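As structure tokens, the structure follows; a few thoughts come after it.
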Amino acid sequence: MAVDPKHALGAFLTFTMFAMLANMIKKDHFDPVDAQLPQVSTVQFEVMKIEEHKVSTGHKVSKGPWNKVSEELKPCWKRPGARLAEEAKEPRGYVTFSLTNGPEYHIAQVADAVVVAKYLGATLVVPDIRGSKLGDKRNFADIYDIEKFEKSLDGVVKIAKDQPAEVATGKLAVVKIPNRLTEDYIAEHIEPQFRTKGNIRLVTFFPSVNMKIRETEKEADSVTCLAMFGTLELQKEITETVDSMLARLRTLSRRSDGQFVAVDLRVDILQGKGCKDSGQKGKSCYSPEEIAVFLQKIGFDRETTIYVTQPRWHESLEALKNKFPKTYTKESIVPANKKGQFLNSESPHLEKVLDFHICSQSDVFVPAISGLFYANVAGKRIASGTGSILVPSEIRGSSAPATNFVSPYLSKKNHMAYSCFCDN
């Protein structure tokens with residue numbers, strides 16, 4: 001029986017991404033460490049002073065280390081210009097790629113594809129969105145605003161909405177590329193294949209979670225900034241659903257002045273090999289019970305509203321709910337008339353999109369799992385000024401100040417978002 005090459009490629013992409021996720025979890029520890037791996041931005045945690053949010057109301061309110069919201073930063077990168085006249089010929093080839101495994105991957109995949117297409121002077125084909133199962137495929141416009149995508153890249157790279165016939169029927173050179181690739185890498189490893197084949201298909205892999213600010217290749221970084229923070233906007237219906245869920249969570253959080261905590265905590269990952277094998281140099285994953293103890297010891301009280309990214313209620317969450325009764329998953333927050341669309345889909349993409357944007361806009365974000373989701377949520381929060389990210393740790397004694405657990409992405413400003421956004 002013949003095997004569909006597209007299905008085979010989809011299966012390969014999915015297997016590769018899950019393998020890399022396990023690898024990233026192993027490398028990205030939550031406990032403070034002094035050792036630095038070369039060219040890798042490791043996750044470290046140190047003290048940063050936070051001003052507590054003081055609520056001046058007459059009724060009893062929920063206590064917790066809430067922050068004042070900082071001002072939204074402004075884009076400070078230079079918009080990448082069009083190609084020079086002598087270079088501005090009709091592109092003679094196409095760059096294609098797919099979005100896979102959730103919005104935290106989508107951001108990276110788009111950024112890499114735009115950088116490559118810009119460098120090569122190629123036409124970028126709007127990607128499709130593929131799930132973990134063979135045949136699980138969506139159009140870009142099912143999740144993202146395609147008009148915004150095109151407009152944001154106008155004058156930077158040429159965009160093809162639909163895959164041209166010569167690409168669909170011809171042979172593509174499939175090129176595996178590391179996330180946040182450099183211009184030197186493109187010149188050495190990608191350009192020769194592009195010039196030979198004319199059309200290429202990119203598959204991004206993630207050797208590490210690298211959000212370190214670069215001091216070189218300013219033009220390439222400007223393209224990356226635009227692609228990461230200026231191209232992907234949710235289509236209207238999904239935006240409305242996210243807004244409805246945020247409003248519901250804030251209503252449930254009346255005692256904390258409408259503020260709530262979002263925790264990225266997914267049982268399937270906690271039970272995976274990457275979490276279980278990472279305990280030697282520091283924990284990279286925390287269980288519901290450990291998160292409950294952590295939140296309690298840094299000052300959040302019983303009335304705190306908590307949203308967890310776990311897709312469905314799991315018995316292990318009872319340990320969290322026992323200490324924080326107002327703990328919710330999507331099942332009780334998604335609008336009733338949207339549950340069939342967002343919770344019963346065979347593809348988990350929509351659920352992951354909801355989680356990503358709720359975690360990006362919560363008052364406090366707690367990543368119980370290290371990795372790309374945490375890193376890209378941090379970038380979104382830095383850009384929007386939503387701030388507070390508290391990284392869990394085992395606390396000896398009965399309490400500790402929340403200021404001890406602020407993400408180094410914030411305390412050290414070592415996230416690339418700080419090279420893309422500034423306060424003036």
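Quick caveat: nothing in here was measured; it's all calculated off a predicted structure.
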Look up atom [atom1] in [X] and atom [atom2] in [Y], then write down how far apart they are to the nearest 0.5 Å.
X      : Y      : atom1 : atom2 : answer
Gln235 : Thr241 : CD    : OG1   : 8.0 Å
Ile306 : Tyr328 : CD1   : OH    : 10.5 Å
Lys137 : Leu99  : NZ    : CG    : 12.0 Å
Ile333 : Leu354 : CD1   : CG    : 11.5 Å
Gln259 : Ser388 : CD    : OG    : 9.5 Å
Gln109 : Ile177 : CD    : CD1   : 9.0 Å

- Message: Working note: Leu172 + Thr96, criterion side-chain contact (heavy atoms from CB on, under 4.5 Å); need CA distance, chi angles, decisive distance, verdict.
- Response: CA-CA 9 Å; Leu172 289 172; Thr96 70; 3.8 Å; yes
If the threshold is 4.0 Å, N to carboxylate O, is there a salt bridge linking [X] and [Y]?
X      : Y      : value
Glu394 : Lys297 : no
Glu240 : Lys338 : no
Glu315 : Lys321 : no
Lys330 : Asp355 : yes
Asp363 : Arg250 : yes
Glu290 : Lys283 : yes

Minimum heavy-atom separation for [X] and [Y], please, with both atom names.
X      : Y      : result
Asp112 : Pro178 : OD2-O, 4.2 Å
Ala383 : Phe229 : CB-CD2, 4.5 Å
Asn322 : Arg302 : O-NH1, 2.9 Å
Pro392 : Pro367 : CD-O, 3.3 Å
Met228 : Ile107 : CE-CG2, 3.6 Å
Thr329 : Trp313 : CG2-CE3, 3.8 Å

- Message: Pair Ser253, Thr305 - check side chain to side chain donor-acceptor pair (under 3.5 Å), show working.
- Response: CA-CA 6 Å; Ser253 307; Thr305 299; 3.0 Å; yes
- Task: Could you check Met211 against Asn414 for side-chain contact (heavy atoms from CB on, under 4.5 Å), going step by step and ending with a plain yes or no?
- Result: CA-CA 7 Å; Met211 292 294 171; Asn414 67 354; over 6 Å; no
- Task: Apply side chain to side chain donor-acceptor pair (under 3.5 Å) to Asn179 and Thr204, showing your working.
- Result: CA-CA 6 Å; Asn179 177 226; Thr204 299; 6.0 Å; no
- Kindly write out the residues that satisfy side-chain hydrogen bond (donor to acceptor under 3.5 Å, both in side chains) with Asn376, not counting sequence neighbours, or none if the list is empty.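 Testing Asn376 for side-chain hydrogen bond (donor to acceptor under 3.5 Å, both in side chains), a comparison that skips the adjacent residues, returns none.
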[Y] side chain reached by [X] side chain, heavy atoms, under 4.5 Å:
X      : Y      : value
Val263 : Tyr307 : no
Val391 : Val406 : no
Ile146 : Lys161 : yes
Val377 : Asp264 : no
Asp154 : Ser152 : no
Thr309 : Cys359 : yes
Leu202 : Ile200 : yes
Pro164 : Tyr94  : yes

- Asp128 and Asn139 side chains, donor-acceptor separation under 3.5 Å: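 No, no side-chain donor-acceptor contact under 3.5 Å.
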- Message: For a quick check under 3.5 Å, do Ser332 and Arg248 share a side-chain donor-acceptor pair by atom type?
- Response: no
Could you check whether any side-chain N or O of [X] sits under 3.5 Å from a backbone N or O of [Y], counting only pairs where one atom can act as donor and the other as acceptor?
X      : Y      : value
His415 : Ala375 : yes
Thr386 : Ser360 : yes
Arg138 : His349 : no
Lys339 : Glu331 : yes

- Could you walk me through whether Val95 and Thr123 pass the side-chain contact (heavy atoms from CB on, under 4.5 Å) check? CA-CA 6 Å; Val95 170; Thr123 296; over 6 Å; no
- Task: Evaluate side chain to side chain donor-acceptor pair (under 3.5 Å) for Thr100 paired with Ser98, printing each intermediate quantity in order.
- Result: CA-CA 6 Å; Thr100 60; Ser98 292; over 6 Å; no
- Message: Just checking Tyr409 against Tyr418, ring centres under 6.0 Å apart?
- Response: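 No, the ring of Tyr409 stays outside the 6.0 Å limit from the ring of Tyr418, centre to centre.
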- How about Trp66 and Phe300: are their ring centroids closer than 6.0 Å?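 So the answer is yes for these two rings.
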- Centre of Phe324's six-membered ring, under 6.0 Å away, within 45 degrees of the axis: is that where NZ or CZ of Lys326 sits?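 Not flagged: Lys326 not positioned over aromatic ring of Phe324.
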- Task: Anything under 30° is parallel, anything over 60° is perpendicular, the rest tilted; go ahead and classify Phe365 against Tyr374.
- Result: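 Tilted, since the angle between the ring planes falls between 30° and 60°.
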- Task: Take the angle between the ring planes of Phe421 and Trp77 and call it parallel below 30°, perpendicular above 60°, tilted in between.
- Result: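 The rings of Phe421 and Trp77 stand perpendicular, inter-plane angle above 60°.
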- With respect to Tyr105, which candidate in Phe97, Phe373, Phe206 satisfies the ring pair (Phe, Tyr, Trp, His ring centres under 6.0 Å) definition?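 That would be Phe206.
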- Query: Is there any ring-ring contact (aromatic ring centres under 6.0 Å, His included) pair reaching into residues 138-162, and which pairs are they, with sequence neighbours excluded?
  - Reply: His106-Tyr144, Phe140-Tyr144, Phe140-Phe149
- Query: Under the disulfide bond (SG atoms under 2.5 Å apart) criterion, do Cys275 and Cys285 qualify, and how do the steps go?
  - Reply: CA-CA 6 Å; Cys275 283; Cys285 309; 2.0 Å; yes
- Task: Let me see the working for Val293 and Lys323 under side-chain contact (heavy atoms from CB on, under 4.5 Å), right down to the final yes or no.
- Result: CA-CA 8 Å; Val293 172; Lys323 286 184 169 60; 4.3 Å; yes
- Audit row: Arg266, Glu351, salt bridge (Lys or Arg N to Asp or Glu O under 4.0 Å) steps and yes/no: CA-CA 12 Å; Arg266 288 160 284 167; Glu351 293 191 28; over 6 Å; no
